[in-house]
Each structure stands twice: as C-alpha cells, then as structure tokens.
Amino acid sequence: MILEALQYAATRAVTPKEFRPHIRYSVNLWARANRCAKAWAEHEDNSRQFVLQSARKLRQRRTAVVLGSGLLRDVPYDALVAMFDTVVLVDLVHLASVQAKLRLNAKKNVRIANRDLSGFDDVLADRQPEPLDFLRRVPYLDLVVSANLLSQIGTGARHRLEREKITNAPDDLLAKLIRTHLDALAGLPCKACLVTDTSFDVTGRDGSQQQHEDLLHGIEISSPTAAWEWPLAPFGEESRDYRIVHHVIARELT
C-alpha cells in the first residue's frame, strides 16, 4: 500500500488535471501486474512478440505510435526504441515509474501524450467520433499498435455511464465505440496491428464456468493471427474459489 500511495502521488504530480481521475485505475493495474507477474508473463510475451513481428516486416521504421501503452509490460518498448526514429506512447495516464524509465532512454526518441482514445464524448454529443484523427498529423507514420486497449474502451465507457448516471446514451454506444476504433485502425495508411482481449470467463476450482462476458459487445474480429489465454486474476487474487481468464487475439488490420 505504501508503494501504491507513492506511485499515485508521484503520478498525480506529472499528470494533466483532466486525466487525474484515471490515475487510481492505472495504479491498481500496476499493483496487480506486480502481484500476478508470473501468471501474466506468457500473455505479455505473446503480445510483445506479435508487435515485434509486425514491426520487423516494415521497410521503413520512422515513427511508431502505441495506443494504450499503459505499463509498457505488453509492448516491446526497448526493441521499438532501437528500431524506430521516434516512438509515441499514447494513453490516459503514464505512471511516474513509466516516465522514469523513459528518461533513461539514451536515444531521447520517445514522446508521451495523454489522450482519451474512446470517442465517448463525441458519440454522446451526437457527433461523428474520430478519436484517432490526431494520427493524421503524425509525420512519417509507419506503425500503429493498439495494445490491449480495445476492450477497455467499452469497459471504461460502461463504468462512466454508471458513475455519471448518464441516461441519454444510445443503446449501441459500447459497440459503436469499439467499431469506431477498429475502423480507424483499418483505415490507416501504415501498418496497424491489434492485440486485444475479447471475452473472459470466471471459472471455479472444479472447472465450472461461473460467468462469461463478451468484452467487445457483439463486435467480431475475424481471422486472428494468434490467440491465447490471459489469467488476469489467478486463484487467490480475487478469491480462493475462482479465477478470471481473458481470451486474447492478435492480428494485423492493414
């Protein structure tokens, strides 16, 4: 708890005011990642290897943008920094510990940006959502990675609807936000690759399924290049009696 409090305080000091409400979630995720490091290792390695394979296919490696860069555990950060002239990390929050790591980069070729990538406010205001339109202004863009972000767009929107008691949202809001992200990636004039969890199961010790949830709200992603399981909460993390396993897919969209 002391380390979490220090992480929170240090991150708050370097986070723009409008993004500070999201710090608590990022700190909690950081703490869980540390506790579950062994259980998450295969998922993180699979994610890193897939992104690295996509990057290696490129003839030019000028600018790479990582959407949902988060804790940098599931992104081949060191390899991208070495391979590309510029790496841009985009997320709601960049923890102080992550920013400290970036300052150690001898090439000084990494940029960070705090940005809401959901399009939530636009849809609620009945505007066409274009949460990735800023990518059009990124020069020499060769690679865009959506790193375990897609499901969080829907989950974050659902939590916001509940927290703010919003009643005028369209019924298909969550699916629309997810589809918007996928369409935007598919429309990019560069290599775009996606890693995302699509659903999760809550399973008891006897193997019985206690809960199943579709994290993409009916949106299908066809022909994944790879698929694997991510034990987000192994036995003992949330309960001795059940574990939570997310199902992850990866594919190139362009």
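Please read these numbers as outputs of a predicted model, since none were measured by experiment. Side chains included, hydrogens not; waters and symmetry mates left out as well; all remaining heavy atoms used.
A donor-acceptor contact shorter than 3.5 Å is absent between the side chain of R48 and the backbone of Y77. At least one donor-acceptor pair closer than 3.5 Å links the side chain of N109 to the backbone N or O of V81. Formation of a donor-acceptor pair under 3.5 Å by the S199 side chain with backbone atoms of H247 is not found in this model. Using modelled atom types, one side-chain atom of R205 and one backbone atom of R240 make a donor-acceptor pair closer than 3.5 Å. For N114 (side chain) and L92 (main-chain N/O), a donor-acceptor pair under 3.5 Å exists by modelled atom type. When atom types are taken as modelled, the side chain of N105 and the backbone of K101 share no donor-acceptor pair closer than 3.5 angstrom. Looking at R251, its side chain does come within 3.5 Å of a backbone N or O of S222 through a donor-acceptor pair.
Summarising the local packing, NZ of K38 is surrounded by 12 or fewer heavy atoms from other residues, nucleotides or ligands at distances under 6.0 Å. The environment of CG in L104 is crowded: more than 12 heavy-atom neighbours from other residues, nucleotides or ligands sit within 6.0 Å. The environment of CG in D133 is crowded: more than 12 heavy-atom neighbours from other residues, nucleotides or ligands sit within 6.0 Å.
Clustering ILVMFWY residues whenever any of their side-chain heavy atoms sit less than 4.5 angstrom apart, transitively, puts L188 in a cluster other than the one holding F50. Transitive grouping of hydrophobic side chains (ILVMFWY, heavy atoms separated by less than 4.5 Å) keeps V66 and V90 in distinct clusters. Residues L3 and L95 share a hydrophobic cluster, clusters being chains of Ile/Leu/Val/Met/Phe/Trp/Tyr side chains in contact below 4.5 Å. Clustering ILVMFWY residues whenever any of their side-chain heavy atoms sit less than 4.5 angstrom apart, transitively, puts Y25 in a cluster other than the one holding I244. Hydrophobic cluster membership differs between V145 and V138, with clusters built from Ile, Leu, Val, Met, Phe, Trp and Tyr side chains linked at under 4.5 angstrom.
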Could you go through D122 and K176, starting from their C-alpha distance and side-chain angles, then the distance that decides it, and tell me whether this counts as salt bridge (Lys or Arg N to Asp or Glu O under 4.0 Å)? CA-CA 11 Å; D122 285 332; K176 186 171 185 177; over 6 Å; no
Report the C-alpha distance between E252 and Q53 in whole Å, list the side-chain angles of each, state the deciding distance to 0.1 Å, and finish with yes or no for side-chain contact (heavy atoms from CB on, under 4.5 Å). CA-CA 10 Å; E252 294 177 355; Q53 289 169 14; over 6 Å; no
Test side-chain contact (heavy atoms from CB on, under 4.5 Å) applied to S26 and T11, step by step: CA-CA 10 Å; S26 294; T11 302; over 6 Å; no
Decide yes or no on side-chain contact (heavy atoms from CB on, under 4.5 Å) for L102 and H94, but give the supporting numbers first. CA-CA 10 Å; L102 304 185; H94 304 273; 5.8 Å; no
Trace of the side-chain contact (heavy atoms from CB on, under 4.5 Å) decision for E42 with E229: CA-CA 9 Å; E42 183 176 357; E229 292 187 346; over 6 Å; no
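Contacts classified as salt bridge (charged side-chain N to carboxylate O under 4.0 Å, His left out) and involving residues 67-96 (residues at least two apart or in different chains) are given here: E44-R73. For the ring pair (Phe, Tyr, Trp, His ring centres under 6.0 Å) condition, the pairs that include at least one residue of residues 188-210, sequence neighbours left out, are F200-H246.
Within the 4.5 Å cutoff, the side chain of L124 has heavy atoms near those of the N168 side chain. In this structure, L173 and F120 have side chains that are in contact, with non-hydrogen atoms separated by less than 4.5 Å. Here the side chains of V144 and L132 are not in contact, with every heavy-atom distance at 4.5 Å or above.
Atoms NZ and OG1, from K107 and T86 in turn, are 8.5 Å apart once rounded to the nearest 0.5 Å. Note: F19 CZ to R12 CZ = 15.0 Å, rounded to the nearest 0.5 Å.
Residues A233 and E238 approach most closely at CB-CG, 4.1 Å, considering heavy atoms. The shortest heavy-atom contact between A10 and A96 is CB-CB, 3.6 Å. Annotation for V98 and G70: closest pair CG2-O, 3.9 Å, computed over non-hydrogen atoms. Smallest separation of non-hydrogen atoms from F235 and T203: CE2-O, 3.8 Å. Here the shortest heavy-atom pairing between P131 and R115 reads O-CD, 4.5 Å.
Every residue two or more places apart in sequence or in another chain that forms a side chain to side chain contact (heavy atoms under 4.5 Å, CB included) with T196 is listed here: L150, S151, L194, T198, L216, I221, I249. Remark: D201 pairs with no residue by the salt bridge (charged side-chain N to carboxylate O under 4.0 Å, His left out) rule, at least two apart or across chains. Remark: D183 engages R179 in a salt bridge (charged side-chain N to carboxylate O under 4.0 Å, His left out) (not counting sequence neighbours). For Y140, the side chain to side chain contact (heavy atoms under 4.5 Å, CB included) partners at least two apart in sequence or on another chain are R62, T63.
The aromatic rings of H43 and W230 sit parallel to each other, their planes meeting at less than 30°, with 60° as the upper class boundary.
Taking 4.0 Å as the cut-off between side-chain N and carboxylate O, R243 and E237 do not count as a salt-bridged pair.
Using modelled atom types and a 3.5 Å distance limit, the side chains of Q7 and S97 yield a donor-acceptor pair.
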